[in-house]
Participant: 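Shown below is the structure under consideration.
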Amino acid sequence: MKRINIIKCLRATVLCIVIAGAVSSCSLKEYNPTTLSEETVLKDFEGWKAYQSNCYTGLWGSLMGMPYGIVSEVGTDLWTFPYGNHNQYRDVIAYEEFTNNSGVVRNVWDYAWGSIKDCNKTIQLSGNLVDGNADEINVLVAEARLLRGYYYSVLVAQFGELPLVLIDDPVKNLSPQRNSVADIYNQIISDLRFAFENLPVKPYDNNPARVTKKTALGLLARVYAQGGGEGFNEGGKSYWLRAKEVADTLINNMGLYNASLYDDFSSVFAAANNRNNAEALFTAYGLDPYSESYDYFTGNSKPNIYLHYYPKLDDAFGTSDLLKRGVNSNGSNAYYGRCNQQFIAPTKYLVDCFNAQYDKRWENTFVTAFTNYSGVQALASLGSSAPSPARVEYNAATVTLTAAMCSKYGIDPSHVGEKIYPYADVNARNASRNATWQYIPMIWESGAHSGALSDLMTISNANVHPYPLAADEDRFFAYLSKDALSAAEKRTRRHVTVNIDDLFDLSADPTGSTYKTVTSNNGFTPSSLANLFPAMMKFNSNFDGGWLGGNFQQKLGNIMIMRMAEVYLIAAEATLHVNSGDGASAANYLNQVRRRACRNISDFNTVTGMQLTTATMNDVFDEYARELCGEYNRWALLKRNKAFEPRLQTYNRTAFSNFVPTKHYKRPIPFNFLNQINNADEFGNNGY
């Protein structure tokens with residue numbers, strides 16, 4: 001965001017700042033050379049406006065960057081541990097040893113409360129301003145109220161009953177009391193309605209990082225649906241009916257509110273659309289290294305959520321033969337990033353949701369073919385001055401298959417002597433303002449092997465590869481096939497070929513939530529291939545301005561908190577809750593997102609089976625999975641539909657084995673907070 005950075009707070013025990021009485025550690029940074037008191041600065045409109053931007057800082061990097069990205073998705077039917085190893089995040093992924101010391105749960109709690117504090121203070125101080133335009137002040141207050149409503153919606157969905165704190169009182173309450181869930185939803189809806197009535201259609205200051213009317217409407221639909229799961233009513237109508245009404249208002253008036261749905265799903269995560277996405281209703285706006293407001297040292301940690309969904313390729317292959325550039329802790333991969341986490345993999349249910357023959361969301365969501373990259377562009381433009389990750393000649397990225405390689409990886413020996421070429425090539429550009437290197441990818445044309453710049457082309461999303469991967473494809477060294485390929489079909493391929501279904505240990509877990517372990521008898525050649533799984537690519541910002549210089553674990557791209565497709569899904573979901581027999585109307589909403597996902601839209605009404613004539617709640621769950629997997633909503637979706645038990649039992653035995661309904665529909669109240677208040681026993685820890 002373009003802003004004057006006045007106050008930067010380092011938040012540790014952040015909620016204690018709000019309701020438990022600890023002293024925050026803040027430094028006052030003036031926006032002019034004169035030393036001013038905080039009281040004086042925040043009575044001035046420009047100073048107050050600069051402080052107001054703090055309401056946004058909890059979105060990007062901290063809350064959306066990783067903690068909430070994990071907490072909001074795992075422990076559901078969609079995600080499990082890769083390579084059969086219950087490692088990091090076992091508490092939230094599988095409800096194993098889940099206590100109130102959970103780090104990511106504590107971070108969600110802290111960051112959300114810290115942002116609520118900033119919103120409360122912004123709203124409070126607006127009445128003390130000595131200058132400024134009343135209409136502008138009202139818009140900025142409306143932004144703060146919308147953001148406060150959003151942060152509370154995160155907290156109440158995750159933790160249930162909470163203190164409802166609407167003022168920033170210098171006298172802190174060390175004996176906080178919980179308000180009811182109904183009270184909290186009433187306040188959230190009040191904030192969002194105020195925001196809708198007072199926000200403009202176009203963002204204030206033409207700043208795309210700011211929220212608008214469409215943001216308020218989208219969040220209202222979501223919050224009503226979430227409250228519908230609690231059984232709430234308003235004005236004689238159920239929250240589910242309210243959710244449908246609000247969703248319909250936005251759907252039927254998209255042009256009025258500057259909202260839209262892309263005609264083609266491949267546009268949703270196209271690089272050119274990241275910074276100003278037409279489908280986005282609410283965005284956590286990433287730092288832009290080309291912007292004058294960029295400050296590497298400012299604010300929260302930068303997002304690294306993408307790497308949690310990628311396998312460690314050099315654990316599977318090593319870096320001496322097929323894989324020419326490592327991606328583990330010591331590798332700086334200028335195409336994939338430094339993927340050294342390998343914590344979250346899709347369940348078989350999620351994989352099976354996609355009929356990839358017809359649905360292009362498959363290859364636009366998951367990477368299943370892995371490649372080397374060259375740096376011909378970087379060498380041409382910078383020569384030996386190119387940063388080392390991009391200083392890769394075409395021939396150095398090309399693999400000539402040897403008998404030893406074929407034996408090691410189970411490739412048919414008939415391919416000895418054949419070559420595997422790189423798929424991507426990167427340029428290197430220095431965003432000189434901040435000395436942060438950008439690695440801009442282009443793609444080598446199929447069948448062109450000269451290594452000449454003229455053979456490069458630009459595609460909308462450089463992370464996307466062809467589907468299905470052709471048998472004679474020579475730009476990838478490994479392929480995870482969604483369709484089961486026979487041994488004879490695999491022999492025709494020069495790349496390592498693994499059927500995705502074979503990655504799962506279905507004999508031990510028929511629900512498909514257990515991957516095979518890396519053991520000598522797992523059926524793979526070599527056994528290390530069990531490290532592989534389809535990689536969810538949505539947050540892997542791979543474009544000019546999306547890289548954080550030499551830090552290959554963190555990316556700078558925008559993260560969509562809500563987009564228009566979700567409104568259609570909410571409308572379908574709410575329709576079935578209002579009238580379970582109205583499957584035809586629900587199907588009409590789902591068809592809007594299914595049509596633009598159809599590989600050949602002309603086939604939608606004929607041969608593909610993509611068009612629904614009626615829909616059930618299972619269809620709704622499946623469509624949420626295909627469209628929004630990974631996008632911060634699955635845990636709340638299952639909660640509001642009271643669907644954890646049946647869906648985990650069917651699709652994720654790993655999580656179901658430890659799921660306790662009386663406890664796990666809420667997250668634990670963090671120990672750090674309870675340890676700093678006087679009434680911890682009374683406040684409670686949600687049964688943990």
Participant: With no hydrogens and no angle check, just 3.5 Å: does a side-chain donor-acceptor pair link Asp622 and Tyr349?
Facilitator: yes
Participant: Just how far is it from atom OG of Ser513 to atom CG of Leu350, taken to the nearest 0.5 Å?
Facilitator: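 That separation rounds to 13.0 Å.
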Participant: Closest heavy-atom contact between Ile188 and Gly149?
Facilitator: CG2-O, 3.6 Å
Participant: Short question: side chain of Arg599, backbone of Ala356 - any donor-acceptor pair under 3.5 Å?
Facilitator: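 Side chain of Arg599 to backbone of Ala356, a donor-acceptor pair under 3.5 Å: yes, one is there.
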Participant: Are more than 12 heavy atoms, taken from residues, nucleotides or ligands other than Lys642, located less than 6.0 Å from that residue's NZ atom?
Facilitator: yes
Participant: Please assess Asn618 against Thr616 for the test side chain to side chain donor-acceptor pair (under 3.5 Å), listing each intermediate value before the final yes or no.
Facilitator: CA-CA 5 Å; Asn618 281 334; Thr616 66; 4.8 Å; no
Participant: Given Pro82, which partner from the list Phe343, Phe533, Tyr310 fulfils the side-chain contact (heavy atoms from CB on, under 4.5 Å) test?
Facilitator: Phe533
Participant: Treating Arg634 as the side-chain partner and Thr76 as the backbone partner, does any N or O pair qualify as donor plus acceptor under 3.5 Å?
Facilitator: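 Not confirmed, Arg634 side chain does not pair with Thr76 backbone.
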Participant: Does a side chain donor of either Tyr568 or Glu627 reach within less than 3.5 Å of an acceptor in the other side chain?
Facilitator: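 No, because no side-chain N or O of Tyr568 sits under 3.5 Å from a partner of the opposite role on Glu627.
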Participant: For the atom pair CG (Leu162) and CD1 (Ile669), what is the distance rounded to the nearest 0.5 Å?
Facilitator: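 Separation between the atoms: 6.5 Å.
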Participant: Do any N or O atoms from the side chain of Asn273 and from the backbone of Val268 form a donor-acceptor pair under 3.5 angstrom?
Facilitator: no
Participant: Taking the side chain from Asn658 and the backbone from Ala94, do they hold a donor-acceptor pair closer than 3.5 Å?
Facilitator: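 Answer holds: yes.
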Participant: Just checking Asn252: does its CG atom have more than 12 heavy atoms from other residues, nucleotides or ligands closer to it than 6.0 angstrom?
Facilitator: yes
Participant: Where is the tightest heavy-atom contact between Ala625 and Leu78, given as atom of each residue plus distance?
Facilitator: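 Scanning both residues, the minimum pair turns out to be CB-CD2, 3.8 Å.
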Participant: Main chain of Gly546, side chain of Ser541: is a donor-acceptor contact present, judged purely on distance under 3.5 Å?
Facilitator: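 No; zero donor-acceptor contacts below 3.5 Å.
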Participant: When you measure from the centre of the six-membered ring of Trp109, is the NZ or CZ of Arg667 under 6.0 Å away and within 45° of the axis?
Facilitator: no
Participant: Find the distance between OG1 (Thr575) and CG (Leu590) and round it off to the nearest 0.5 Å.
Facilitator: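 If we round to the nearest 0.5 Å, Thr575:OG1 and Leu590:CG are 9.0 Å apart.
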Participant: Which pair of non-hydrogen atoms, one from Phe194 and one from Ala142, has the smallest distance, and what is that distance?
Facilitator: CE2-CA, 3.8 Å
Participant: Atom CG in Leu250, atom CG in Leu281: separation rounded to 0.5 Å?
Facilitator: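 Here the rounded value is 6.0 Å.
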Participant: In sequence, state the C-alpha distance, the side-chain angles, and the governing distance for Met536 and Trp79, and then conclude on side-chain contact (heavy atoms from CB on, under 4.5 Å).
Facilitator: CA-CA 11 Å; Met536 201 273 289; Trp79 308 105; 3.9 Å; yes
Participant: Determine whether Glu363 and Lys482 satisfy the following criterion, salt bridge (charged side-chain N to carboxylate O under 4.0 Å, His left out), listing intermediate values before the conclusion.
Facilitator: CA-CA 10 Å; Glu363 71 270 22; Lys482 193 173 188 308; over 6 Å; no
Participant: For a quick test of reading the model, state the closest non-hydrogen atom pair linking Gly75 to Trp635 and the distance between them.
Facilitator: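 Closest approach of Gly75 to Trp635: O-CD1, 4.5 Å.
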Participant: Please verify the inter-ring angle class for His664 with Tyr95; under 30° counts as parallel, over 60° as perpendicular, anything in between as tilted.
Facilitator: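 Tilted.
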Participant: Under 4.5 Å between any side-chain heavy atoms of Tyr589 and Lys244, yes or no?
Facilitator: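 Answer yes - side chains close enough.
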Participant: First locate atom CZ of Arg148, then atom CG of Leu192, and finally report the distance between them rounded to the nearest 0.5 Å.
Facilitator: 10.5 Å
Participant: Does NZ or CZ of Lys663 fall inside the cone over Tyr688's six-membered ring, less than 6.0 Å from its centre and within 45° of the axis?
Facilitator: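 So Lys663 does make the cation-pi contact.
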Participant: Regarding Lys213 and the six-membered ring of Phe196, is the cationic atom NZ or CZ under 6.0 Å from the ring centre and inside 45° of its axis?
Facilitator: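 Positive - Lys213 is close enough to the ring of Phe196 and near enough to its axis.
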Participant: Using the rule given for side-chain contact (heavy atoms from CB on, under 4.5 Å), can you reason through Lys121 versus Asn54, listing the C-alpha separation, both sets of side-chain angles and the distance that settles it, and then say yes or no?
Facilitator: CA-CA 10 Å; Lys121 188 168 184 177; Asn54 283 294; over 6 Å; no
Participant: Gln187 versus Asn179: any side-chain heavy-atom pair under 4.5 Å?
Facilitator: no
Participant: Is there a side-chain contact (heavy atoms from CB on, under 4.5 Å) between Ile305 and Tyr632? Walk through the geometry before answering.
Facilitator: CA-CA 11 Å; Ile305 184 64; Tyr632 300 81; 4.2 Å; yes
Participant: Ignoring hydrogens and geometry, is there a side-chain-to-backbone donor-acceptor pair from Glu279 to Tyr262 under 3.5 Å?
Facilitator: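 Confirmed, Glu279 side chain pairs with Tyr262 backbone.
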Participant: Indicate yes or no: at least one non-hydrogen side-chain atom of Met66 is less than 4.5 angstrom from one of Phe539.
Facilitator: no
Participant: If you measure only the distance, is there a donor-acceptor pair under 3.5 Å linking the side chains of Asp91 and Ser102?
Facilitator: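 Indeed, the side chains of Asp91 and Ser102 share at least one donor-acceptor pair under 3.5 Å.
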Participant: Can you check whether Arg647 reaches Asn652 side chain to side chain, under 4.5 Å on heavy atoms?
Facilitator: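 No; the side chains remain at least 4.5 Å from each other.
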Participant: Distance under 6.0 Å and angle within 45° of the ring axis: does Arg210 meet both against Tyr204?
Facilitator: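 No, Arg210 does not sit over the ring of Tyr204.
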Participant: Under 4.0 Å between a side-chain nitrogen and a carboxylate oxygen: does that hold for Arg242 and Glu245?
Facilitator: yes
Participant: Thr511 side chain to Arg653 main-chain N or O, any donor-acceptor pair under 3.5 Å?
Facilitator: yes
Participant: Please determine, by modelled atom types, if Asp118 and Ser115 share a side-chain donor-acceptor pair under 3.5 angstrom.
Facilitator: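 Result is no, nothing qualifies.
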Participant: Does the ring centre of Trp113 sit less than 6.0 Å away from the ring centre of Tyr152?
Facilitator: yes
Participant: When you measure from the side chain of Asn100 to the backbone of Asn685, do you find a donor-acceptor pair of N or O atoms at a distance under 3.5 Å?
Facilitator: no
Participant: For the pair Asp359 and Arg594, find out whether any cationic side-chain nitrogen is under 4.0 Å from an anionic carboxylate oxygen.
Facilitator: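 Salt bridge between Asp359 and Arg594, a charged N being under 4.0 Å from a carboxylate O: no.
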Participant: Parallel under 30°, tilted from 30 to 60°, perpendicular over 60°: which one fits the rings of Phe366 and Phe354?
Facilitator: perpendicular
Participant: Do Glu230 and Tyr239 have side-chain heavy atoms sitting under 4.5 Å apart?
Facilitator: no
Participant: Specify the closest pair of heavy atoms between Leu217 and Val246, including all atoms of both residues, with the distance to one decimal.
Facilitator: O-CG1, 3.3 Å
Participant: Without hydrogens or angle criteria, can the side chains of Tyr285 and Asn207 be said to hold a donor-acceptor pair below 3.5 Å?
Facilitator: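 Tyr285 vs Asn207: no donor-acceptor pair found between side chains.
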Participant: Which label fits Phe644 and Tyr665: parallel for a plane angle under 30°, tilted from 30 to 60°, or perpendicular past 60°?
Facilitator: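 If you compare the ring of Phe644 with that of Tyr665, the planes turn out perpendicular.
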Participant: Given side chains that start at C-beta, do those of Glu623 and Val620 come closer than 4.5 Å, heavy atoms only?
Facilitator: no
Participant: For a 4.5 angstrom cut-off between non-hydrogen side-chain atoms, does Lys214 reach Val201?
Facilitator: no
Participant: Is there side-chain contact between Asn304 and His308, with at least one heavy-atom pair below 4.5 Å?
Facilitator: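 Yes - at least one pair of side-chain heavy atoms lies under 4.5 Å apart.
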Participant: With a 3.5 Å distance limit and no angle check, can you tell me whether Asn461 reaches the backbone of Phe269 through a side-chain donor-acceptor pair?
Facilitator: yes
Participant: At their closest point, which heavy atom of Val165 faces which heavy atom of Ile116, and how far apart are they?
Facilitator: O-CG2, 4.1 Å
Participant: Using the ring centroid of each side chain, check whether Tyr111 and Tyr68 are separated by less than 6.0 Å.
Facilitator: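 Between Tyr68 and Tyr111, which both carry aromatic rings, the centre distance is not below 6.0 Å.
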Participant: List the steps and the verdict of side-chain contact (heavy atoms from CB on, under 4.5 Å) for Leu59 and Tyr151.
Facilitator: CA-CA 9 Å; Leu59 295 177; Tyr151 296 124; 3.5 Å; yes
Participant: If you measure from OG on Ser180 to OH on Tyr185, what distance do you get to the nearest 0.5 Å?
Facilitator: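 Rounded to the nearest 0.5 Å, the OG-OH separation comes out at 11.5 Å.
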Participant: Are any side-chain N or O atoms of Ser657 and backbone N or O atoms of Thr654, one a donor and one an acceptor, separated by less than 3.5 Å?
Facilitator: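 The answer is no, because no donor-acceptor pair under 3.5 Å joins these two groups.
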Participant: Does Phe282 have Arg222 sitting over its ring (NZ/CZ under 6.0 Å from centre, angle to axis within 45°)?
Facilitator: no
